[in-house]
Trainee: 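Dumping the structure here so I can ask a few things about it.
Order of listing sets the numbers, starting from 1, for every ligand and every atom in it. Every value quoted in this text rests on a predicted model; they were computed, and no experiment measured them.
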Amino acid sequence: MKATINGRELAWDETGSGRTILFLHGFPFNRQLWYNQMQAVPKGWRGVAMDLRGFGESAGSDDPQYTMDMFADDAAALLTHLRVRRAVICGLSMGGYIALAMQRRYPSMVGGLILADTRATADGEQEKQNRLQLAQRVQAEGNGVVVDSMMQKLFAPVTPYTKPKVAEFVRGMMSAARPESIARALLGMAVRPNSEPDLRNISVPTLVIVGAEDQITDRGQAQLMARAIRGSQIEVIPEAGHVSNLEAPEIFNEAVRRLLASF
Ligand code: MLT
């Protein structure tokens, strides 16, 4: 589906009816990331998977950076468009940074959180520099440079052998991303704030998920969030990396189902 929301055309998929779970994809993916989860949305729940601005079928904007706050504003505006006052927000990696921005900016809209393969901390100086350089290279050379570097670290070592279709699917999503959106999201991630102090204010049901072999946002980061968020649950998925929802969909979906059943 598509509509003009918060000043630009945004695209999303919907399934089921009832309480809402909103899925926010990571970088540099699109809403197709969630195809397994959308198929498994339990009865009594409505799944909404959106394309973030500039990704998939959602229009971009001229802003030099796509900040996590901008993405959060778009997501909140989509929920308002759908007449949803409160939703469970499920974000993977950059989607998790956005979920935490939503929690900060729209706490009354966040009824629950699923923070998958993500972290609350901000970038360090070196990481910021790397993102700035990568953003320049993407604009000069195209997105192949990001696709190649991400393919090295996205998966558990076994995944490309045991699930070659998953690896190719992820490569396809990244190859389809627009270089200017990749660059703007990189610059936006580089300036995201440290969300650690906010974790103590979270009082909604929260599930932290991490692939045991995530090389981008590791288990230590997940444990830090789970310790700081009162009453949260943590699921560490064996033999899964940074895209644990695709590498181990059954375990991921079962953990989501358990959280949703607690409402
Ligand atoms: C993502 O998967 O969204 C990114 O790897 C997050 C990041 O680069 O920090």
Trainee: Starting from atom 9 (O) of ligand 1, what is the nearest protein heavy atom, named by residue and atom, and what distance separates them?
Mentor: Y97 OH, 2.5 Å
Trainee: In terms of atom number and element, which parts of ligand 1 are under 4.0 angstrom from non-hydrogen atoms of M150?
Mentor: 5 (O)
Trainee: Purely on distance, is any nitrogen or oxygen of E127 under 3.5 Å from one on ligand 1?
Mentor: no
Trainee: Has H25 got any heavy atom lying under 4.0 angstrom from an atom of ligand 1?
Mentor: no
Trainee: Please write down residue, atom name and distance for the protein heavy atom closest to atom 8 (O) of ligand 1.
Mentor: R131 NH1, 2.9 Å
Trainee: Under 3.5 Å between some N or O of ligand 1 and some N or O of F27?
Mentor: yes
Trainee: Looking only at non-hydrogen atoms, which of S93, P28, G96, A116 approaches atom 4 (C) of ligand 1 most closely?
Mentor: S93
Trainee: Heavy-atom contact under 4.0 Å between R119 and ligand 1?
Mentor: yes
Trainee: Measure the CG-CD distance between L154 and Q215 for me, rounded to the nearest 0.5 Å.
Mentor: 8.5 Å
Trainee: Give the atom numbers and elements of ligand 1 that come within less than 4.0 Å of a heavy atom of I216.
Mentor: 5 (O)
Trainee: Of all residues at least two apart in sequence or in a different chain, which pass the salt bridge (charged side-chain N to carboxylate O under 4.0 Å, His left out) check with E168?
Mentor: R171
Trainee: In the protein, what heavy atom is nearest to atom 5 (O) of ligand 1, and what distance, to one decimal place, separates them?
Mentor: H242 NE2, 3.5 Å
Trainee: Mind checking salt bridge (charged side-chain N to carboxylate O under 4.0 Å, His left out) for E213 and listing every partner two or more places apart, or none if nothing turns up?
Mentor: none
Trainee: Taking only heavy atoms of M94 into account, list the atoms of ligand 1 that are under 4.0 Å away from them.
Mentor: 1 (C), 3 (O)
